[in-house]
Each structure stands twice: as structure tokens, then as C-alpha cells.
Amino acid sequence: MQQPTHSFPKPDIHVSDVSMRFRMYKEAVSTLKETLVRYVSGRQTYDDFWAVQKVSFDVNPGEAVAIIGRNGSGKSTLLKIVAGVFEPTSGFCEVAGSVAPLIELGAGFNGELTGRENVFLNGAILGRSREHMEERYDAIVEFAELEGFMDTPVKNYSSGMYTRLGFAIATDINAEILLIDEILGVGDEAFQAKSFKRIEQHLEANKTLLFVSHNAASVQHICKRAVLLDNGHLVADGAVDEVLAEYRGRFP
């Protein structure tokens with residue numbers, strides 16, 4: 001399947017020949033001396049694991065693109081490279097515009113702090129001023145459906161409450177690019193519908209989306225284009241229905 005051609009301006013996301021290596025250590029090294037001895041002697045105590053290998057693609061302004069593939073294919077690693085969480089081992093990734101990464105919701109939360117305090121902490125992590133977060137606070141709490149719980153430490157939240165607050169904060173940020181990794185199963189059915197609606201509003205505003213999911217229905221509902229990864233390699237890039245058919249053909 002050939003990569004589609006577009007007449008768009010400069011892409012919002014440009015991934016060029018990106019590879020990502022992790023070193024899987026076979027045994028623990030307890031001292032600096034032992035580390036140096038093994039280094040000097042050339043004794044290798046690790047295996048190289050290439051999670052992503054020479055991947056290239058663009059996401060143009062206003063596009064919604066899904067990254068699909070089996071578990072371990074490199075989807076989340078690639079998304080974290082785009083988000084700036086990982087620096088690729090080789091190749092490069094350029095992102096033009098502000099980014100809201102919905103990768104690990106609530107990753108910046110402090111369990112000892114209240115929901116209210118974590119709203120401002122998470123906002124600061126996302127680069128927003130306290131004044132901005134004060135303006136958006138009521139809307140965030142309303143969307144998360146956590147009125148009455150915001151002065152409770154988040155360590156006492158259920159997993160659903162925790163992720164709803166993370167989703168509400170991340171998607172309330174008026175970013176130009178959304179990066180989403182398997183988090184639209186947050187909350188009950190009504191909250192999931194509300195979450196999808198917020199994503200649709202983002203797309204209606206001609207903003208950009210890169211979406212990792214195993215859920216074919218969600219991918220078809222949100223995206224018109226998909227890329228397929230297999231063992232870290234990009235093996236298909238095109239219209240979402242065609243790439244899903246390729247996926248099903250490879251992995252029946």
C-alpha cells in the first residue's frame with residue numbers, strides 16, 4: 001500500500017527515519033566498579049530491543065491519523081517520541097504547534113494533594129499559568145463530574161475518578177495537536193460519549209490528532225487515515241478502512 005499524497009502545507013508532525021532502541025539488561029550490576037570492569041572487558045550484559053525501526057510519516061494540519069498494530073508493535077513508543085517523552089535513538093521528529101499529550105492520564109498527579117491542587121499542578125506541567133487554570137477550573141471540574149470531591153486527596157479517588165480528572169485537564173488545554181493513547185475507555189458509557197464529543201470538537205476546529213487504539217470502531221469513527229506498525233516497522237499507510245483490512249489480513 002503506497003503512502004497517500006497530499007497538497008497540504010508544512011506538516012504538524014514530521015517523523016523521519018525514526019528508530020528507538022531499549023537495552024534489556026540480563027542481570028543487575030550493583031557497583032560502579034563492576035560496571036567499569038564489564039565495560040572495559042567488553043562483556044555485554046544486555047540485549048538491544050528495537051521498539052521502532054526506521055519509521056517515517058507526516059501528519060498534516062487538521063488530519064486525524066490512527067496508529068494501529070498488535071501489542072508490542074511500537075505504537076505507544078512512537079507516540080511518546082512525538083510527545084517528546086523519548087528521544088529517538090536515530091532519525092528525528094518535528095512537531096509544529098502546541099501539544100496536549102493524553103498518554104498517561106494523571107501521570108503528573110501527586111496522590112497526597114487534593115484534586116483542586118492537582119488541577120493547578122498538572123496545568124503548570126502542561127505549561128499553563130495559574131491565572132489560566134483559575135479561569136478554566138470550574139469547567140474542568142464540571143466535565144470530570146467531580147463536584148464535591150475536589151478537596152479530597154487524589155490517592156483516595158477511584159481509578160475512574162482519577163482518569164476522568166486527568167482527561168478533563170488535558171483536553172481543556174487549547175492545544176493545536178492532540179496525542180491520544182488508548183484512554184477513551186475512561187469512565188462509564190455516558191462519560192465515554194462525552195469524551196468522544198470533545199475529541200470531535202477538536203477536529204471540527206481543524207486541529208490535528210494522532211490516535212493510538214486497538215478499538216477498530218473508535219479508529220473508524222475518529223480517523224480517516226491510519227498507519228500500521230508490525231514489530232516496530234511501518235508496513236501500511238493509507239485510508240483507514242484499507243489499513244484496517246491490511247491489519248486483519250496480517251493478523252487474522
Side-chain angles (χ1 to χ4, degrees), residues 12-13 59-71 73 75-76 78-80 82-83 95 97-109 115 119 122-123 126 128 136-147 149 157-229 237-245 247-248:
D12 276 352
I13 300 170
V59 180
N60 295 294
E63 273 198 299
V65 178
I67 304 175
I68 64 173
R70 295 187 299 177
N71 287 332
S73 62
K75 303 184 303 299
S76 294
L78 183 57
L79 199 69
K80 288 178 180 179
V82 175
V95 178
S98 57
V99 176
L102 284 71
I103 296 175
E104 296 177 11
L105 292 178
F109 285 175
V119 167
N122 221 234
L126 291 169
R128 297 302 183 263
R136 301 303 307 159
Y137 178 81
D138 288 343
I140 289 169
V141 176
E142 181 181 0
F143 189 90
E145 302 173 1
L146 290 175
E147 298 91 339
F149 296 96
Y157 282 10
S158 68
S159 59
M161 294 166 68
Y162 194 89
T163 52
R164 289 205 313 270
L165 183 59
F167 183 88
I169 295 169
T171 57
D172 194 74
I173 302 301
N174 190 27
E176 295 161 325
I177 301 166
L178 272 183
L179 308 177
I180 301 180
D181 188 1
E182 292 286 12
I183 51 77
L184 290 182
V186 173
D188 58 22
E189 187 174 344
F191 190 84
Q192 289 179 35
K194 187 163 66 171
S195 299
F196 273 106
K197 181 62 177 177
R198 176 159 284 190
I199 300 303
E200 289 169 356
Q201 290 169 347
H202 176 90
L203 297 175
E204 288 167 1
N206 201 38
K207 297 183 179 181
T208 303
L209 172 67
L210 191 58
F211 177 44
V212 167
S213 180
H214 288 285
N215 188 315
S218 296
V219 168
Q220 289 175 302
H221 180 71
I222 293 174
C223 302
K224 293 183 179 179
R225 177 180 158 214
V227 298
L228 173 61
L229 297 185
D237 179 353
V240 64
D241 290 340
E242 294 178 13
V243 176
L244 282 170
Y247 173 75
R248 292 169 182 137

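For clarity, every value in this text was computed on a predicted model and none was experimentally measured.
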Atom pair [atom1]/[atom2] of [X] and [Y] - distance to nearest 0.5 Å:
| X | Y | atom1 | atom2 | answer |
| --- | --- | --- | --- | --- |
| L102 | L79 | CG | CG | 9.5 Å |
| E242 | L228 | CD | CG | 12.5 Å |
| S218 | H221 | OG | NE2 | 8.0 Å |
| L210 | I177 | CG | CD1 | 9.5 Å |
| L203 | C223 | CG | SG | 7.5 Å |
| R164 | S158 | CZ | OG | 6.5 Å |

*Please assess R225 against D237 for the test salt bridge (charged side-chain N to carboxylate O under 4.0 Å, His left out), listing each intermediate value before the final yes or no.*
CA-CA 7 Å; R225 177 180 158 214; D237 179 353; 2.9 Å; yes

Distance-only donor-acceptor pairs under 3.5 Å for side chains of residues 136-147, two or more places apart:
residue, atom, partner, partner atom, Å
R136, NE, D172, OD1, 3.4
R136, NE, D172, OD2, 2.8
R136, NH2, D172, OD1, 2.8
Y137, OH, R116, NH1, 3.4
E145, OE2, K194, NZ, 2.9

*K75 side chain vs G69 backbone, donor-acceptor pair below 3.5 Å*: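 Pair found, side chain donor or acceptor close to backbone of G69.
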
*Taking only residues two or more places apart in sequence, or in another chain, which ones meet E176 in a side-chain contact (heavy atoms from CB on, under 4.5 Å)?*
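So E176 forms a side-chain contact (heavy atoms from CB on, under 4.5 Å) with S98.
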
Nearest heavy-atom pair of [X] and [Y]: which atoms, and what distance?
| X | Y | result |
| --- | --- | --- |
| A66 | V219 | CB-CG1, 3.6 Å |
| S213 | N215 | OG-N, 2.9 Å |
| Y157 | G115 | OH-CA, 3.4 Å |

Could you tell me whether the side chain of [Y] reaches within less than 4.5 Å of the side chain of [X], counting heavy atoms only?
| X | Y | value |
| --- | --- | --- |
| V65 | I13 | no |
| D181 | I103 | yes |
| V119 | L165 | yes |
| K224 | E63 | no |

*Looking at residues at least two apart in the chain, or sitting in another chain, which of them share a ring pair (Phe, Tyr, Trp, His ring centres under 6.0 Å) with Y247?*
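Per chain and number, Y247 pairs via ring pair (Phe, Tyr, Trp, His ring centres under 6.0 Å) with F251.
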
*asked:* Please determine whether side-chain contact (heavy atoms from CB on, under 4.5 Å) holds for the pair K207 and D12, giving the CA-CA distance in whole Å, both sets of side-chain angles, and the decisive distance to 0.1 Å.
replied: CA-CA 10 Å; K207 297 183 179 181; D12 276 352; over 6 Å; no

_Among V99, I199, T208, the one residue meeting side chain to side chain contact (heavy atoms under 4.5 Å, CB included) with L178_ = I199

